[in-house]
Protein chains: 2
Amino acid sequence: MEGENPPIQDIQPWKAIDTVYTNEKAGMDSVDKDLIKRVIYEASKDSNFFKKDEEKRKQTNERIARLKEKLAKVTEDEMKRYHATVRDSIRSAERERHLSRIWIHVDMDAFFASVEELDDPSLKSVPMAVGSIGMISTANYIARRFGVRSAMPGFIGKQLCPQLALVKPNFRRYKEKSEETKEVFRIFDPDFESGGLDEAYLDCTAFASVHGISGEEIAEQIRNLVMEKTKLTCSCGVACNKMLAKICSDKNKPNGQFFLSPNIAAIKAFVKDLPVRKIPGVGCVTEQLLNGFGINTCGDVIKNAHVIAAVFTPLTLSFLLTSSLGISTAFHGKKPAPGELSRKGISCEHTFTAKEDENTLLQMVGSLAHELSAAMASESIEGLTVTVKLKLSDFTVRTRSLTLLSPISDPESISRIASKMLRKEFPVKLRLLGIRMSGLSPIANANGKPKGNSKGS
Amino acid sequence: MEGENPPIQDIQPWKAIDTVYTNEKAGMDSVDKDLIKRVIYEASKDSNFFKKDEEKRKQTNERIARLKEKLAKVTEDEMKRYHATVRDSIRSAERERHLSRIWIHVDMDAFFASVEELDDPSLKSVPMAVGSIGMISTANYIARRFGVRSAMPGFIGKQLCPQLALVKPNFRRYKEKSEETKEVFRIFDPDFESGGLDEAYLDCTAFASVHGISGEEIAEQIRNLVMEKTKLTCSCGVACNKMLAKICSDKNKPNGQFFLSPNIAAIKAFVKDLPVRKIPGVGCVTEQLLNGFGINTCGDVIKNAHVIAAVFTPLTLSFLLTSSLGISTAFHGKKPAPGELSRKGISCEHTFTAKEDENTLLQMVGSLAHELSAAMASESIEGLTVTVKLKLSDFTVRTRSLTLLSPISDPESISRIASKMLRKEFPVKLRLLGIRMSGLSPIANANGKPKGNSKGS
DNA sequence: ATACATACC
DNA sequence: TACTGGTATGTAT
DNA sequence: ATACATACC
DNA sequence: TACTGGTATGTAT
């Protein structure tokens, strides 16, 4: 390592800024990409956000270093046993492989942005994003060509594309349109599982067999009906399990579909060079960790599973292995028993320009408590555990929680408890305050209409 | 409930004493059984043990009452959803049903007692039990006819059968004989799983297919070879999974075998009237709880699964349902990865006549610490967590634990920490003291030979 | 139970 | 000037 | 992590 | 006179 030339990053630091925003799809040549990286870097480099981000990446690298040390200490003998563990895991994963189910993952194209375009067609011809100067939810396809993406702050989007139109989100409207899509989904699978406003998983096995049609034909029908109903386009993935369907729905986006043939050879070929980051559940950090061990694709995961076994948790091994083999849930998950509410927590948080005045912060907690309490009332639920979330001005996150003896939902109780926890943290300079209630149960009160069920077991 | 005659138990209290000892096998007529119950009752009724036992049973009954209240509050609507949950659970359990594996559970007959008879044939003709006046491990079949059973204290055994010969256990010898049996088991399944000195689970699928013989034939061979090798008899259960094999090995005990045909009809018939207590994992308490809801057999579990869903934990539901359907593990469990030691804890405890002198108790902790440390040294392991176990003179059990920053194994450290925890409990009158170490890792020291592996993940 | 990290939309 | 808000889940203690 | 309960041999 | 000892696992907090 010593005596080498300084790495390129020291001279063109933005080239190393391979953040969330830049590691996606094709469609731009490398000059464009380079420019985009540079703009993002310049816009970010002095912010606390950027510092925190770098710190995290550094810590992950240190974690990689520690794991590598651990790996180095593994004896040959132990490694043999890790290989055996891997063989075991693969064998038991394979028992969960189901090829005979037809899953379709439907993903609305640039959903929020498309709804806005629908409601104001003039937006169709300009680069546009739904969100605020602080944060973008979705960008339309024109804006994406400038490098504007979701989860990017609006001010960076503006720097990438000064003409960018920022449209304030209108969630009520998106919900409406989402309900329209659901009417379509129900036709094909009354039990479809939705994953947010803009996507859903449908088990179309029964529909296909009853109507004697293929998954691909069903996907066509879904896309047609969704268009008819909502005037919006969506993309579909057709495969034999949820994960594969989800990955497939991204393949021919927008307004397309992709069918993965339900046979092992096709699945293995599909998965072989798939970047691990495509596995739902593998985010930036896990990707960085795996890359640190030279594991970039699902094929690499299989080849190096013994390394993963040596260095990660058994659950992580099993998850990565299963996913990389193209295996995942092929049946609908159990719906929550009446024992449980389907929701496990409810929360409310706000970001603001960093503040340290104690009274101001305490007042904000009070108002959060009222907001949260109102949300709880509207579902007739109460909760046992109060968690306060603080984000310091340097983006460090802290949580403090307290579990009570009996559940509460009134704003006064929530406020009192949250304030007490906040006070213990003073002095602090905060950019975010949040309150969350968990351990939820329906309110069994006089005339309330509990929409949920009594806490189970 | 009011105005009824006093229940029979008030007059003949021993009839209600349906404890561990009396609710087993046939072979005695009801007069005998009644006599046995009465003797046991008379021998027990004034002891602290008996009081604690009654207290626990009472608490379980209160728990049943509470669960029934909860059940009563379940609305029709909720109950419908519990039914749906059950349907879901059954569907997913059925996906785990494997009929094509051949499992054999081998259970040595009255193992310790039989070894003693082998070494001293004069014991064959008299009622005999291995154990002490305080506790019996195993009784031979002659003694069993008097009602003497394992887990019964020797003094009660003597009251049931004054001629009872009590033989002191010789574990080294049993281990030797157990190793002999294992040599046999390895022939049929090199990966067999042992469950204590006297039983094992063998997956004989491969052996059967390689040698073109049936499970029943293999069981014959196992029994012959075990007899040849050890001069001891054993019993075998042959079925398509571990649980069923285990239950089957009990069917024709001693010196017999039982084959359960691997088809759903046969399994359903087998399981229908099987008492829940036969399910390995369902002990006295769960049995009592289930009986409290009128659930006595596996058939009842299936019929009343919605009740179980409403009242027990999802895991318990799934376990009881799966078991009652005759489904269980059909493949060898993963062996511990080199990441882990196969052992998760190591402990040492002693019972004595109740003491409250603090110095005496502290000295006892010191000697336990030395014992434990020696056991750990012999395996070259150390541990992070120290747990002290106390049993008060009234049989109440208390545990206190502390997790350290770095692992220990030397007697001084263990003793120091355990004593500190004990002192906090003073004053107490104890009949048992124990120490356990967990969070184990191999000692990576100079010339030690770690038999295990470094702590994982 | 508490605290924190990761992930997804 | 300026990097969300809501939820679930995993991991460690 | 801590405490306690259940289960098995 | 007198009701074990060792281990794993689940549940709750």
Side-chain angles (χ1 to χ4, degrees), chain A residues 20 43-44 47-50 52-53 56 111-112 131-138 150-156 158 169 195-199 280-286 313 315-316 319 343-351 353 385 387 395 397-403 431-432 434 436 457, chain B residues 20 43-44 47-50 52-53 56 111-112 131-138 150-156 158 169 195-199 280-286 313 315-316 319 343-351 353 385 387 395 397-403 431-432 434 436 457:
Chain A
V20 229
S44 292
S47 66
N48 282 341
F49 177 86
F50 184 81
K52 190 68 181 183
D53 207 62
K56 278 189 191 166
F111 186 52
F112 296 176
S132 68
I133 199 73
M135 185 53 58
I136 287 170
S137 284
T138 324
S150 55
M152 174 183 276
F155 70 88
I156 291 185
K158 285 273 195 189
L197 293 179
D198 69 335
E199 55 176 276
V282 172
C284 292
V285 177
T286 310
T313 221
L315 204 136
T316 305
F319 166 70
R343 153 203 288 298
K344 316 216 163 163
I346 184 168
S347 65
C348 190
E349 67 186 47
H350 293 301
T351 296
T353 57
T385 303
T387 303
F395 285 85
V397 173
R398 236 181 244 179
T399 61
R400 294 296 174 253
S401 74
L402 186 70
T403 299
R431 71 183 325 275
L432 173 147
R436 148 168 295 261
S457 163
Chain B
V20 228
S44 293
S47 66
N48 280 342
F49 177 87
F50 183 82
K52 189 69 182 185
D53 208 61
K56 279 189 192 167
F111 186 51
F112 295 176
S132 69
I133 199 72
M135 185 50 60
I136 286 169
S137 283
T138 323
S150 55
M152 173 183 277
F155 71 89
I156 291 185
K158 284 275 195 187
L197 293 179
D198 69 335
E199 56 174 277
V282 173
C284 293
V285 176
T286 311
T313 219
L315 202 137
T316 304
F319 166 69
R343 156 204 283 301
K344 317 216 162 161
I346 184 168
S347 68
C348 189
E349 66 186 47
H350 294 300
T351 296
T353 57
T385 303
T387 302
F395 285 85
V397 173
R398 238 181 242 177
T399 60
R400 295 295 176 254
S401 73
L402 187 71
T403 300
R431 69 182 329 275
L432 174 146
R436 149 168 294 263
S457 163

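These numbers come from the heavy atoms of this one structure, side chains and all, not from hydrogens, waters or symmetry mates. Lettering of chains follows the sequences in order, A, B, ..., and the numbering in each one begins at 1.
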side-chain N/O A:Thr403 vs F:dT13 OP1/OP2, d < 4.0 Å: no
Residue list, side-chain hydrogen bond (donor to acceptor under 3.5 Å, both in side chains) with A:Lys52, at least two apart or on another chain: A:Thr396
Any residue meeting side-chain hydrogen bond (donor to acceptor under 3.5 Å, both in side chains) with A:Thr385, in chain and number order, not counting sequence neighbours: A:Thr403
Length of the CG-C1' vector between A:Asn48 and D:dT1, whole Å: 13 Å
Under 4.0 Å protein heavy-atom contact, by nucleotide of nucleotides 3-9 of chain C - B base, S sugar-phosphate only: SB-SSSS
Base-pairing mate for F:dT7 - Watson-Crick or G-U, with both contacts under 3.5 Å: E:dA7
Nearest atoms (heavy-atom pairs only) where A:Ser150 meets A:Ser137: CB-O, 2.7 Å
Sidechain-backbone polar pair: A:Thr313 side chain, A:Thr316 backbone, donor-acceptor under 3.5 Å: no
Salt bridge (Lys or Arg N to Asp or Glu O under 4.0 Å) against A:Arg400, all qualifying residues, sequence neighbours excluded: A:Glu425
Listed partners of A:Glu199 passing side chain to side chain contact (heavy atoms under 4.5 Å, CB included), at least two apart: A:His105, A:Asp107, A:Tyr201, A:Lys246
Gap in Å between the two P atoms, one belonging to F:dT11 and one to C:dC4, rounded: 28 Å
B:Ser132 side chain vs B:Gly134 backbone, donor-acceptor pair below 3.5 Å: yes
F:dT13 - base-pair partner by Watson-Crick or wobble geometry, distances under 3.5 Å: E:dA1
Summary of protein contacts for nucleotides 4-10 of chain F, nucleotide by nucleotide, where a base hit scores B, a sugar-phosphate-only hit scores S (4.0 Å, heavy atoms): BBSBSS-
Separation of the P atoms in C:dT2 and F:dT13, to the nearest angstrom: 11 Å
Non-hydrogen side-chain atoms of A:Leu197 and A:Phe112 separated by less than 4.5 Å: yes
